Amino acid sequence: MRLPGILMLLLWSLCAGFTPAKATENCGISLQRGATPQRIVTLNQHSTELLLQLGVGARMVGTAYPDDAIFRH
């Protein structure tokens with residue numbers, strides 16, 4: 001398994017979510033996204049640690065379901 005390739009894919013997908021305002025339709029409901037997210041909540045430990053490594057820990061306001069102590073550098 002190529003860990004760097006997987007991490008780059010995750011980084012790319014995370015950055016793709018931080019685009020300017022955009023309208024999306026989901027299940028017949030039109031959603032309008034405004035500015036870049038300023039608060040982030042993670043729902044598992046690996047996403048928490050990934051965001052910390054990406055340097056957006058200051059935007060994190062909560063996390064759930066930790067398996068171990070959060071790893072910080």
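All residue numbers refer to positions in the sequence shown, counting from 1. Fair warning: this is a prediction, and the values are worked out from it, not measured in the lab.
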Could you state the interatomic distance from [atom1] ([X]) to [atom2] ([Y]), rounded to the nearest 0.5 Å?
X: Met60; Y: Leu52; atom1: CE; atom2: CG; result: 5.0 Å
X: Gln45; Y: Leu50; atom1: CD; atom2: CG; result: 12.5 Å
X: Arg39; Y: Arg59; atom1: CZ; atom2: CZ; result: 12.0 Å

List for me each residue that meets side chain to side chain contact (heavy atoms under 4.5 Å, CB included) alongside Ser47, sequence neighbours excluded, and say none if there are none.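 Thr42, Asn44.
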
Kindly write out the residues that satisfy side chain to side chain contact (heavy atoms under 4.5 Å, CB included) with Leu31, not counting sequence neighbours, or none if the list is empty.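 For Leu31 the side chain to side chain contact (heavy atoms under 4.5 Å, CB included) partners, ignoring immediate neighbours, are Asn26, Ile29.
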
Give me the other members of the hydrophobic cluster that Tyr65 sits in, counting Ile, Leu, Val, Met, Phe, Trp and Tyr linked by side-chain heavy atoms under 4.5 Å, directly or via other members.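 Its cluster partners, ordered by chain and number, are none at all.
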
Just so I know, are the side chains of Val41 and Val61 near enough to count as touching, which here means a heavy-atom distance under 4.5 Å?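 Counting from C-beta outward, Val41 and Val61 do come under 4.5 Å.
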
